[in-house]
Participant: 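Sending over a structure as structure tokens; questions will come in a sec.
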Amino acid sequence: MLNKTQIRYCLDTFWEMYPDAECELTHKNPFELLIAVVLSAQATDALVNKVTPGLFEKYKTPEDYMDVPLEELEQDIRRIGLYRSKAKNIQKLCRTMIDRFDGKVPETKEELESLAGVGRKTANVVASVAFNQPAIAVDTHVERVSKRLGLCRYKDSVKEVERTLMKKIPEDEWSDTHHRMIFFGRYHCKAKNPNCPDCPLLFLCREGQKRKRKEEKMA
DNA sequence: AACTCGGGGCA
DNA sequence: TGCCCAGAGTT
């Protein structure tokens with residue numbers, strides 16, 4: 001695994017590569033953040049960002065989502081993938097918020113995960129960004145990049161990746177790092193054809209070095 | 001661990 | 001066209 005200096009270099013490089021990394025997390029209040037993150041499952045930010053302004057204009061509280069027929073909510077988020085199950089989840093989640101959490105977004109990871117359509121990743125993002133709780137969200141990009149670079153061990157489970165990153169990255173950088181690693185994973189360190197030749201981190205990347213050696217052998 | 005859900009993006 | 005995808009829930 002990488003040492004402290006190498007990790008620092010990685011974080012700084014992510015920053016240099018993607019200074020303007022922005023995503024759906026620019027939503028202000030916890031409720032909108034929660035809905036946006038739930039919608040973003042298996043969908044791109046761009047798509048979610050197209051829908052949410054109008055959505056948040058119409059639906060401001062959990063009660064608002066409960067007051068319309070399921071079909072109407074489905075229509076309102078129709079452009080996002082999995083919209084049928086997502087619409088159902090949103091109404092279920094609002095029901096739970098009203099019944100068990102006084103109509104508010106719960107603040108702990110455990111309570112968040114108890115909501116319909118909210119898994120570990122969503123719970124972590126909301127807890128961290130909306131409520132400043134110690135959490136780091138590990139999605140497929142973060143996991144892949146972490147393993148390739150050596151920010152964690154290759155055989156780590158998602159939970160272990162999360163724990164390792166929390167240990168190695170300063171808490172006040174969790175959120176930013178998360179975003180930049182996603183950009184890095186999406187556009188550079190791609191699952192299929194990673195752009196190793198143009199990668200500023202190649203010299204310390206375990207996976208990149210391995211690929212390089214393999215190529216040299218072939219040549 | 002494998003499977004389902006399902007529209008949009010991209011080659 | 002056909003493949004992949006910032007996930008969650010069920011079995």
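Quick note: numbers below take in every heavy atom, side chains included, and nothing from hydrogens, waters or symmetry partners. Labels below follow one simple rule: chain letters A, B, ... track the order of the sequence lines, proteins then strands, and each chain is numbered from 1.
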Participant: Atom CD of A:Glu74 to atom P of B:dG6: distance rounded to whole Å?
Facilitator: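 After rounding, the gap between these two atoms is 10 Å.
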
Participant: For A:Thr122 and C:dA8, is the shortest distance between a side-chain N/O and OP1 or OP2 below 4.0 Å?
Facilitator: yes

Participant: Output the rounded distance in Å from CG (A:Asn89) to C1' (B:dT4).
Facilitator: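 From A:Asn89 CG to B:dT4 C1': 13 Å.
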
Participant: Students often get this wrong, so: under 4.0 angstrom with heavy atoms, is A:Leu115 touching a base, only sugar-phosphate, or nothing?
Facilitator: sugar-phosphate

Participant: Roughly how many Å is it from CD in A:Glu143 to P in C:dC5, rounded to a whole number?
Facilitator: 13 Å

Participant: Could you give the OH-to-C1' distance, from A:Tyr187 to C:dC5, as a whole number of Å?
Facilitator: 12 Å

Participant: Between A:Ile80 (CD1) and B:dG7 (P), how many Å, whole number?
Facilitator: 13 Å

Participant: When all nucleic acid strands are considered with a 4.0 Å heavy-atom cut-off, which category describes A:Val38: base, sugar-phosphate, or nothing?
Facilitator: nothing

Participant: When the distance from CG of A:Asn193 to P of C:dC4 is rounded to whole Å, what number comes out?
Facilitator: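 Distance check: A:Asn193 CG to C:dC4 P gives 12 Å.
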
Participant: Using the side-chain heavy atoms of A:Lys121, tell me which of these nucleotides is nearest: C:dC5, C:dG7, B:dG8.
Facilitator: C:dG7

Participant: Measure from the side chain of A:Lys50, starting at C-beta and using heavy atoms only, and say which of B:dG7, B:dG9, C:dG7 lies closest.
Facilitator: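 Shortest atom-to-atom distance from the side chain points to B:dG9.
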
Participant: Between A:Glu111 and A:Thr108, is any side-chain donor less than 3.5 angstrom from a side-chain acceptor?
Facilitator: yes

Participant: Looking for any heavy atom pair under 4.0 Å, which part of the strands does A:Leu82 touch: base, sugar-phosphate only, or nothing?
Facilitator: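 It contacts base atoms.
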
Participant: Given atom NZ of A:Lys190 and atom P of B:dC10, what is their separation to the nearest angstrom?
Facilitator: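 Result: 12 Å.
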
Participant: Given C:dG7, B:dG9, C:dC3, which nucleotide is nearest the side-chain atoms of A:Lys192?
Facilitator: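 The answer is C:dC3.
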
Participant: For the pair A:Tyr59 and A:Tyr65, name the ring-plane relationship: parallel under 30°, tilted 30 to 60°, perpendicular over 60°.
Facilitator: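 Aromatic pair A:Tyr59/A:Tyr65 classed parallel.
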
Participant: Quick check for you: to the nearest 0.5 Å, what is the distance between A:Cys205 atom SG and A:Arg148 atom CZ?
Facilitator: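 CZ of A:Arg148 is found 8.0 Å from SG of A:Cys205.
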
Participant: Can you confirm whether A:Lys168 is buried at NZ, in the sense that more than 12 heavy atoms of other residues, nucleotides or ligands lie under 6.0 Å from that atom?
Facilitator: yes

Participant: Using a cut-off of less than 4.0 Å, is there contact between a side-chain N or O of A:Thr140 and OP1 or OP2 of C:dG7?
Facilitator: yes

Participant: Just to confirm, is there a sub-4.0 Å distance from OP1 or OP2 of B:dC5 to any side-chain nitrogen or oxygen of A:Arg84?
Facilitator: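 Negative; the distance criterion is not met.
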
Participant: Would you mind classifying the nucleic acid contact of A:Ala116 as base, sugar-phosphate or nothing, using non-hydrogen atoms under 4.0 angstrom?
Facilitator: sugar-phosphate

Participant: Determine yes or no for a side-chain-to-main-chain donor-acceptor pair under 3.5 angstrom, with A:His188 supplying the side chain and A:Asn195 the backbone.
Facilitator: yes

Participant: Would you kindly give the CD-to-P distance between A:Gln42 and B:dC5, to the nearest whole Å?
Facilitator: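 It works out to 14 Å between those atoms.
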
